[in-house]
Amino acid sequence: MNSNAISTKKTISEVGLIRAIACMSVVLLHSIKFTTGESTEGAIQFGLWTLAGLLSFGTSTFVFISALVLAYSYPNQLPKQFYSKRIKFLLIPFACMAVFYAVMSGVLNGWSIPKLVVYNMLGAYHGWFVLVIFQFYILHQLFNKYIARFDPRWVLAIALIINVAYLAFFNLVAPPSSNQYIAYIWDRGYWMPFTGWVFYFALAYYCGKHYQTFMQYIEKYKVWIYAALPVSLAIIIYNNMYASFGFGSKRMDMILFTVLLIFVLFLAFRNVTKMPALLSIVSQYSFGIYLLHWFYLQMMDIAIETFAVSLGYFEIPLLFVGGLLCSYVTINLLNRIKIGKYIVGRVNVPKSSAPASSRSLATEN
């Protein structure tokens, strides 16, 4: 099918809803971490730490829907100026915020700003997922040219084995030395290569390219999906109690939970025809919120500590709402000036003539 035919396709309204939920999940995750730190002592702290880990599905979901929308919008080949647009509206904001956070961390902690800039450009700050998405663009072309001819079941099985084996290595094997560069790879450097996300990409590729078939499959097997989700959750909680897998979306036991939850969200929103106003705004501003919210959470956390305000766990909803609201205002104001969208990303305002899929993070931001 010609990629130009996408303008006639049905809008994927559920993608916008899922994007909004993924975005809010990440903000809530970081709000919890700023409030509680890494402590797991006591039932409440353990529960919040576990909840924060589960909320990390939001990052993997961003990655998944980006690949799904890419395959849905461009099933055969990428259009001209595809990369130039993404460099302008994805990579340049990523780079701008990498410098911004490097300067901020350098000033607050007295660290070397040039070194922090280099680290951030390599994905050391929370905007690292942009680098994964750019790898997906290349993978998409490779899949279209070489992989699409093979049986999807074999491709998915191989991708899953690679993904689980890769994460298992870094989850379970200790760094071979105390060298700072090796320590960095084990700490977060292994997040960036596509091998840590290849199953999400492969699954999203087939789901997007055959979207209606995908929806029919999850509808057909929804009972099994609903039944398997709490099992995957129990596995994660068990590992939190009795094993040391680290934290977040880069755990091998998060793959099953994340995929099942994504399927459940698609099932839940499959008949929604109009997105609630709040979720619509969050979806449109999601990329900028993802880049900016950390700054506001940190500033609010510093202010709370400076003024010795005792909020207890109420700090979590305060940071969550404040992070979303302050990010929204900043993005809105910066997008009113010409250069603003290149700093924090542009707002994906719906266009009546274009489907939701073509307005998503993967295809416009």
*Asks:* Sub-3.5 Å donor-acceptor pair from the side chain of Asp187 to the main-chain atoms of Ala183, do we have one?
*Replies:* no

*Asks:* When the ring centroid of Phe82 is compared with that of Tyr137, is the distance short of 6.0 Å?
*Replies:* yes

*Asks:* Hey, is the main chain of Ser280 close enough, under 3.5 Å, to the side chain of Ser283 for a donor-acceptor pair?
*Replies:* no

*Asks:* Heavy-atom distance under 4.5 Å between the side chains of Leu279 and Met24, does that happen here?
*Replies:* yes

*Asks:* Using side-chain contact (heavy atoms from CB on, under 4.5 Å), reason through Met275 and Gln284 one step at a time and then give a plain yes or no.
*Replies:* CA-CA 11 Å; Met275 193 184 307; Gln284 293 166 26; over 6 Å; no

*Asks:* Does atom CD1 (Ile44) have a neighbourhood of more than 12 heavy atoms from anything else shown, all under 6.0 Å?
*Replies:* no

*Asks:* Could you give the distance from CD1 (Ile32) to CZ (Phe320), rounded to the nearest 0.5 Å?
*Replies:* 10.0 Å

*Asks:* Between His210 and Tyr206, is there a donor-acceptor pair closer than 3.5 Å when you use the side chain of the first and the backbone of the second?
*Replies:* no

*Asks:* Assess the residue pair Tyr290 and Ser327 against the criterion (side-chain hydrogen bond (donor to acceptor under 3.5 Å, both in side chains)); give the C-alpha distance rounded to whole Å, side-chain angles, the decisive distance to 0.1 Å, and a yes or no.
*Replies:* CA-CA 9 Å; Tyr290 203 113; Ser327 298; over 6 Å; no

*Asks:* Assert yes or no for the condition that the ring centre distance of Phe62 to Phe287 is strictly below 6.0 Å.
*Replies:* no

*Asks:* Taking atom OH of Tyr226 as the centre, report whether more than 12 heavy atoms of other residues, nucleotides or ligands fall under 6.0 Å from it.
*Replies:* yes

*Asks:* Can Ile12 be reached from Val272 by stepping across I, L, V, M, F, W or Y side chains whose heavy atoms are under 4.5 Å apart?
*Replies:* yes

*Asks:* Does Lys209 count as lying over the ring of Phe143, i.e. NZ or CZ under 6.0 Å from the six-ring centre, within 45 degrees of the axis?
*Replies:* no

*Asks:* Report yes if some heavy atom in the side chain of Phe136 is under 4.5 Å from a heavy atom in the side chain of Val63; otherwise report no.
*Replies:* yes

*Asks:* Identify the heavy atoms of Asn144 and Ala148 that sit nearest to each other, and give their distance.
*Replies:* O-CB, 4.2 Å

*Asks:* Can you name the residues that form a side-chain contact (heavy atoms from CB on, under 4.5 Å) with Leu334, not counting sequence neighbours?
*Replies:* Thr330, Ile337, Val344

*Asks:* Give a yes or no on whether Trp128 and Val118 share a hydrophobic cluster (residues Ile, Leu, Val, Met, Phe, Trp, Tyr; joining criterion: side-chain heavy atoms under 4.5 Å apart).
*Replies:* no

*Asks:* If you count the non-hydrogen atoms of other residues, nucleotides and ligands that lie under 6.0 Å from OH in Tyr221, is the total more than 12?
*Replies:* no

*Asks:* Classify the angle between the aromatic ring planes of Tyr342 and Phe89 as parallel (below 30°), tilted (30 to 60°) or perpendicular (above 60°).
*Replies:* parallel

*Asks:* Have a look at Ile255 and tell me which of Asn163, Leu203, Leu260 forms a side chain to side chain contact (heavy atoms under 4.5 Å, CB included) with it.
*Replies:* Asn163

*Asks:* Less than 6.0 angstrom separating the ring centers of Tyr190 and Phe169, yes or no?
*Replies:* no

*Asks:* Would you kindly confirm whether Trp224 and Phe257 end up in one hydrophobic cluster when ILVMFWY residues are joined by side chain heavy atoms under 4.5 Å apart?
*Replies:* no

*Asks:* Indicate yes or no: at least one non-hydrogen side-chain atom of Phe199 is less than 4.5 angstrom from one of Thr258.
*Replies:* no

*Asks:* Is there a donor-acceptor pair closer than 3.5 Å between any side-chain N or O of Asn171 and the backbone N or O of Val164?
*Replies:* no

*Asks:* How about Ser105 and Tyr125: do any of their side-chain heavy atoms sit closer than 4.5 Å?
*Replies:* no

*Asks:* Could you tell me the separation between the CD1 atom of Ile21 and the CG atom of Leu28, rounded to the nearest 0.5 Å?
*Replies:* 12.5 Å

*Asks:* What do the steps show when you test Arg188 against Lys250 for side-chain contact (heavy atoms from CB on, under 4.5 Å), and what is the final call?
*Replies:* CA-CA 9 Å; Arg188 61 175 56 234; Lys250 283 70 62 179; over 6 Å; no

*Asks:* Between Met299 and Val321, is there a shared hydrophobic cluster once you connect ILVMFWY residues whose side-chain heavy atoms come closer than 4.5 Å?
*Replies:* yes

*Asks:* Side chains of Ile236 and Leu256: closer than 4.5 Å at any heavy-atom pair?
*Replies:* no

*Asks:* Nearest heavy-atom pair of His126 and Phe129: which atoms, and what distance?
*Replies:* O-CD2, 4.0 Å

*Asks:* To the nearest 0.5 Å, what is the distance between CG on Leu68 and OG1 on Thr61?
*Replies:* 11.5 Å

*Asks:* Please report the shortest heavy-atom distance between Phe34 and Asp301, naming the atom on each side.
*Replies:* O-OD1, 3.6 Å

*Asks:* Compare every heavy atom of Ile182 with every heavy atom of Pro175, then report the nearest pair and how far apart it is.
*Replies:* CB-CG2, 4.3 Å

*Asks:* Could you give me the CA-CA distance, side-chain angles and deciding distance for Leu131 and Phe94, then say whether side-chain contact (heavy atoms from CB on, under 4.5 Å) is met?
*Replies:* CA-CA 9 Å; Leu131 300 180; Phe94 164 83; 3.8 Å; yes

*Asks:* Which pair of non-hydrogen atoms, one from Gly127 and one from Leu291, has the smallest distance, and what is that distance?
*Replies:* CA-CD2, 4.2 Å

*Asks:* Given side chains that start at C-beta, do those of Ile133 and Arg86 come closer than 4.5 Å, heavy atoms only?
*Replies:* no

*Asks:* Verify side-chain contact (heavy atoms from CB on, under 4.5 Å) between Leu116 and Tyr101, making sure each step is shown before the conclusion.
*Replies:* CA-CA 8 Å; Leu116 288 172; Tyr101 282 108; over 6 Å; no

*Asks:* Would a distance-only check, ignoring hydrogens and angles, find a side-chain to backbone donor-acceptor pair under 3.5 Å from Trp111 to Ala102?
*Replies:* no

*Asks:* Atom CD1 of Ile162 and atom CH2 of Trp197: how far apart are they, to the nearest 0.5 Å?
*Replies:* 16.0 Å

*Asks:* Looking only at heavy atoms, which two atoms of Pro276 and Leu17 are closest? And how far apart?
*Replies:* CD-CD2, 3.7 Å

*Asks:* Would you give the length of the straight line joining atom CZ of Phe266 to atom CZ of Phe64, rounded to the nearest 0.5 angstrom?
*Replies:* 5.5 Å

*Asks:* Same cluster for Leu172 and Phe247 if Ile/Leu/Val/Met/Phe/Trp/Tyr side chains link at under 4.5 Å?
*Replies:* yes

*Asks:* Using a 4.5 Å cut-off on heavy atoms from C-beta on, say whether the side chain of Tyr200 contacts that of Ser66.
*Replies:* no

*Asks:* Rounded to the nearest 0.5 Å, what separates atom CG in Asn120 from atom CD1 in Ile113?
*Replies:* 11.0 Å

*Asks:* Decide side-chain hydrogen bond (donor to acceptor under 3.5 Å, both in side chains) for Tyr313 and Gln45; before the verdict, give the C-alpha distance in whole Å, the side-chain angles of both, and the deciding distance to 0.1 Å.
*Replies:* CA-CA 10 Å; Tyr313 295 120; Gln45 289 288 107; 2.8 Å; yes

*Asks:* Just by modelled atom types, is the Val347 backbone N or O under 3.5 Å from a matching donor or acceptor in the Asn335 side chain?
*Replies:* yes

*Asks:* Are the side chains of Ser60 and Met254 in touch, meaning some heavy atoms are under 4.5 Å apart?
*Replies:* no

